[in-house]
Amino acid sequence: MDRSFFDRKVNEVAPELIGVELLVNGVGGEIVEVEAYSPEEPGSHSFRGRTARNASMFGPPGHAYVYRSYGIHWCLNFVCGPGEVASGILIRALEPASGVDEMRARRGLDDVRLLCAGPGRLCEALGVTGVYDGLPLDEPPFSLRAPSEPHAVVVGPRIGLSKAIDLPWRYGRAGSLFVSRSFNAA
DNA sequence: CAGTGGATGCTCT
DNA sequence: GAGCATCCACTGT
């Protein structure tokens, strides 16, 4: 999957990420949950302009934006466009498929359903840290592959925000048991 | 199950 | 000094 795939608006790209295979150094699985963020909306890190932390978000599409969350976890985003417009997509959950034992070891947990069900869990399972911030998505250690057939997508409000909580910018694979939270009752 | 609170570090006011 | 794009353990049903 070429980095030009991401050179479009977040809410166009985000639903198309559902079902995409994401591997980091060969470990990962199928994306089942994402959230869109864009600079004109106060839920986004880029809403208040460029800073040292969010610099990657202001860079070219098709690159990673990795930041630390609550002092403890890492979270992975894909920078989108069109052009350098400081928008991105948070990868929130995967259905584990490749390197499951390595993910279990990193997470210290057996239950496959909980290995990548949440942005912080996913980064721990895939070994994503701040050193990946700004790296292109179409080169190692990343590997992205589109699904053979598009999947049914469900939509809902984003999770864990105190601002812009009503925007339905969370996308998930319909019926997936590997999402971080159910999409019931918008 | 649902709800609560602590851990923990960095960014921005 | 406040506030997090989170997770886990613990409480009480």
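In what follows, chains carry the letters A, B, and so on, assigned in the order in which the sequence lines appear, proteins first and then strands, with residues in each chain numbered from 1.
- Atoms CZ (A:R181) and P (B:dG3) sit 11 Å apart, rounded to a whole Å.
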Under 3.5 Å, which protein N or O atoms sit close to an N or O of nucleotides 10-13 of chain B? Give each pair with its distance.
from	atom 1	to	atom 2	distance (Å)
B:dC12	OP1	A:T51	OG1	2.2

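- We find that CD1 of A:I72 is positioned 17 Å from P of B:dG5, with the value rounded to whole Å.
- At least one donor-acceptor pair closer than 3.5 Å links the side chain of A:N54 to the backbone N or O of A:G49.
- The salt bridge (Lys or Arg N to Asp or Glu O under 4.0 Å) test with A:E35 singles out one residue from A:R158, A:R181, A:R92, and that residue is A:R92.
- The CD-P distance, from A:E124 to C:dT6, rounds to 15 Å in whole Å.
- Proximity of A:S44 to the phosphate of C:dA5: no side-chain N or O atom is located under 4.0 Å from OP1 or OP2.
- Checking C:dC8, C:dC7, C:dC4 against the side-chain heavy atoms of A:R107 singles out C:dC8 as nearest.
- The pair A:E124-A:R106 fails the salt-bridge criterion, with no side-chain N (NZ, NE, NH1 or NH2) lying under 4.0 Å from an Asp/Glu carboxylate O.
- A:V13 and A:F78 fall within a single hydrophobic cluster, where Ile, Leu, Val, Met, Phe, Trp and Tyr are joined by side-chain heavy atoms under 4.5 Å apart, directly or via other members.
- In this structure, A:S176 contributes its side chain and A:V32 its backbone to no donor-acceptor pair below 3.5 Å.
- Computed from coordinates, the A:E33 CD to C:dT6 P distance equals 10 Å when rounded to whole Å.
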*asked:* Let's go through A:S180 and A:E33 carefully: what are the C-alpha distance in whole Å and the side-chain angles of both, what is the deciding distance for side-chain hydrogen bond (donor to acceptor under 3.5 Å, both in side chains) to 0.1 Å, and is it a yes or a no?
replied: CA-CA 8 Å; A:S180 66; A:E33 181 185 349; 2.9 Å; yes

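- Residues A:L114 and A:G160 both approach DNA chain C. Their nearest nucleotides, taken by heavy-atom distance, put A:G160 toward the 5′ side.
- Separating the CG atom of A:L161 from the P atom of C:dC4 is a distance of 9 Å, rounded to the nearest angstrom.
- As the counterpart of B:dG6, C:dC7 is assigned, both hydrogen-bonding distances of the Watson-Crick or G-U wobble pattern falling under 3.5 Å.
- Between the side chain of A:R121 and the backbone N or O of A:A117, at least one donor-acceptor pair lies under 3.5 Å.
- Rounded to whole Å, the distance from CD1 on A:I159 to P on C:dC4 is 16 Å.
- To the nearest angstrom, C1' of C:dA5 lies 14 Å from CD1 of A:I165.
- The interatomic distance linking A:H73 (NE2) with C:dC8 (C1') rounds to 8 Å, in whole Å.
- Taking only side-chain atoms of A:L90, from C-beta outward, the nucleotide of C:dA5, C:dC4, B:dT8 with the closest atom is C:dA5.
- You cannot call A:Y67 stacked on the base of C:dA5; the centres under 5.5 Å and planes under 30° rule is not satisfied.
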